[in-house]
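In what follows, a single structure is set out as structure tokens and then discussed.
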2 protein chains.
Amino acid sequence: MTVKERVRIGGRSARIQSAVHDAVRKLGALSTRNQITVPQIAAEAGVTPSTIYRRWGDLSALLADVAVARLRPIADPDDTGAVESDLRAFIEQYAEEMSSPVGQALMRDVLSALKEGLPSACAGFTCDHLTTLNARAKARGETPFDIDEVIDHVVAPIIYRALFSEQIPTPDYCNRLIDRIYPPARKRRTAV
Amino acid sequence: MTVKERVRIGGRSARIQSAVHDAVRKLGALSTRNQITVPQIAAEAGVTPSTIYRRWGDLSALLADVAVARLRPIADPDDTGAVESDLRAFIEQYAEEMSSPVGQALMRDVLSALKEGLPSACAGFTCDHLTTLNARAKARGETPFDIDEVIDHVVAPIIYRALFSEQIPTPDYCNRLIDRIYPPARKRRTAV
DNA sequence: AGCTTAATGCAAATATTTTGCGTTAAGAAT
DNA sequence: ATTCTTAACGCAAAATATTTGCATTAAGCT
């Protein structure tokens, strides 16, 4: 059994990682994906191109690494007081982000890299958020929603349209999807 | 107003297109996407690399061009005698194809190319098939299904899982999705 | 059959990627 | 705090990919 060598994560390695990621974000905002090259990123980050090739392998692996970092959540979804409104607020923001040009580009970067597990890791971020909303619901004594049902019938249609449709998912569209989980009959009653 | 120059589509142009597409398919079967290069494809097709760069622009545009050609349907879905079984048969085959390694690779090729309209064109192929099934239903005097509902709640979950999940959509899973369109109450009756 | 010109081949130039080897510094051990 | 091992990085050269100018081939119209 081979012993795993020690990977160095401090000092210079960390600085280079951060500089390269910042360079990718900056150049990504200024040009399209097929205009970005490793030598450009290296110059912007202040490293030599072979450093990038050695550490990441190729451009698509680097773009995916940065995309995963950007897609990884940094905070829990907003707490709106009830699980239904939590879900509606979360999904509306999620749809806005994922269907924006930046969101679409990040999803493409993740899917384009030939690295098994990346797309499912990103899907896991979404699943984690839904789990957080359900944990709150339970803490409030509310009935949690079916996470698989939300993924199949709310998240999947939104992502499918963000990637494959020329019409981006609107807030109305998202709320209509969620109406299948929370039918709006009570809303009609309170509207009278 | 500029006059569009005549594009030549016969003879040598057609042969080169066919040879290059065949070369991409052949090399795509033998290696992973990041191992394929334009010079390799050119050698396999018997053309010079600059021909490929001039005609397609870059490797990802070529891969997308070939992916679209492969995703474009060549026949109508099977006619099983009733719209529900037509849909079930179509979706089962669609899920099998799209979640296979080849299907996943083709979707990634289409999404990776920075060419607006390609992903939605491919989604259009699916929509066309659903329209065909509904035209048959109407011809039989049956009630057609809601195409948008099938796209959002059957197609989208399948494609989402094919791209983002480590578990591929199974026939059971697909049929459970379709059960939302055609609830299986009558099946329970005949099972007794 | 002749003509115009789009597409292609060829080769050179430019850019990117890969690789060997020396240098720097991360991090463990003392 | 110092020393030691060695992972990560820089540099430069080599290999490969991509781009471009120009000549040749042949598609398609008259």
Side-chain angles (χ1 to χ4, degrees), chain A residues 1-24 26-28 30-66 69 109 112-115, chain B residues 1-24 26-28 30-66 69 109 112-115:
Chain A
M1 173 191 286
T2 61
V3 175
K4 183 181 175 183
E5 291 121 359
R6 256 188 310 270
V7 168
R8 296 179 184 183
I9 56 172
R12 185 177 65 171
S13 283
R15 283 196 304 280
I16 286 179
Q17 166 105 351
S18 177
V20 168
H21 274 224
D22 289 348
V24 168
K26 181 176 177 184
L27 293 173
L30 296 174
S31 36
T32 60
R33 280 302 178 268
N34 57 1
Q35 289 169 325
I36 297 174
T37 66
V38 168
Q40 283 174 350
I41 295 168
E44 176 71 27
V47 301
T48 111
S50 57
T51 291
I52 293 181
Y53 285 111
R54 283 211 157 97
R55 202 185 301 199
W56 279 278
D58 58 24
L59 177 59
S60 69
L62 172 56
L63 293 179
D65 195 37
V66 174
D109 288 342
S112 298
L114 296 193
K115 197 168 178 183
Chain B
M1 172 190 290
T2 61
V3 174
K4 182 180 176 184
E5 290 119 2
R6 257 188 308 270
V7 167
R8 298 178 183 184
I9 56 172
R12 184 176 63 173
S13 283
R15 283 196 304 279
I16 286 178
Q17 166 104 350
S18 177
V20 169
H21 274 223
D22 287 349
V24 168
K26 182 177 175 182
L27 292 173
L30 296 173
S31 33
T32 60
R33 280 301 178 268
N34 57 2
Q35 289 168 328
I36 297 175
T37 65
V38 168
Q40 283 174 351
I41 294 169
E44 177 69 30
V47 301
T48 111
S50 57
T51 291
I52 293 182
Y53 286 109
R54 283 212 158 96
R55 199 174 317 190
W56 280 276
D58 59 24
L59 177 59
S60 70
L62 172 56
L63 294 179
D65 193 38
V66 175
D109 287 341
S112 299
L114 296 194
K115 196 168 180 183

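Below, chains carry the letters A, B, ... as their sequence lines are ordered, and counting in each starts from 1.
Distance alone, capped at 3.5 Å, is enough to place a donor-acceptor pair between the B/R55 side chain and the B/S13 backbone.
What separates CG of A/N34 from C1' of C/dT16 is a distance of 15 Å, to the nearest Å. As rounded to whole Å, 17 Å separates atom P of C/dA15 from atom CD1 of A/I41. Regarding A/R15, its CZ atom lies at a distance of 10 Å from the P atom of D/dC9, rounded to whole Å. Across the protein-nucleic acid pair, B/Q35 atom CD and C/dT18 atom C1' stand 15 Å apart, rounded to whole Å. The distance from atom CZ of B/R55 to atom P of C/dG9 is 10 Å, rounded to the nearest whole Å. Atom pair B/W56:CH2 and D/dT19:P shows a separation of 15 Å (rounding to whole Å applied). If you measure from atom CD1 of A/I52 to atom C1' of C/dT19, you get 17 Å, rounded to the nearest angstrom. The CG atom of B/L59 sits 11 Å away from the P atom of D/dA17 (whole-angstrom rounding).
Summary of the strand contacts: A/P49 and B/G57 both lie near DNA chain D, and taking for each the nucleotide with the nearest heavy atom, the more 5' one is attributed to A/P49. Taking for each of B/T48 and B/R8 the nucleotide of DNA chain C with the nearest heavy atom, the 5'-most of the two is the partner of B/R8. Projected onto DNA chain C by closest heavy-atom contact, A/V38 and B/A14 fall at different nucleotides, the more 5' of which corresponds to B/A14.
For A/I9, whose side chain is taken as the heavy atoms from C-beta onward, the closest listed nucleotide among C/dG27, D/dA8, C/dT16 is C/dG27.
Side-chain to base pairing of B/R6 with C/dA6: no donor and acceptor N or O lie closer than 3.5 Å to each other. Not a single donor-acceptor pair, N or O on each side, falls under 3.5 Å between the base of D/dA26 and the side chain of B/R12. Looking at A/R54, its side chain comes within 3.5 Å of the base of C/dG20 through a donor and an acceptor atom. At a cut-off of 3.5 angstrom, the base of D/dC9 holds no donor-acceptor pair with the side chain of A/S50.
Look at A/S13 and you won't find any side-chain N or O under 4.0 angstrom from OP1 or OP2 of D/dA7.
Across A/L114 and B/N34, no two heavy atoms sit closer than the pair CD1-N, 3.6 Å. A/I9 approaches A/A14 most closely through the heavy-atom pair O-CB, 3.4 Å. In plain terms, the two heavy atoms of A/P49 and A/V38 that are nearest each other are O-CG1, 4.1 Å.
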What verdict does the salt bridge (charged side-chain N to carboxylate O under 4.0 Å, His left out) test give for B/K115 and B/D65, after you've listed the backbone C-alpha separation in whole Å, the side-chain angles of each residue and the deciding distance to 0.1 Å? CA-CA 10 Å; B/K115 196 168 180 183; B/D65 193 38; 5.8 Å; no
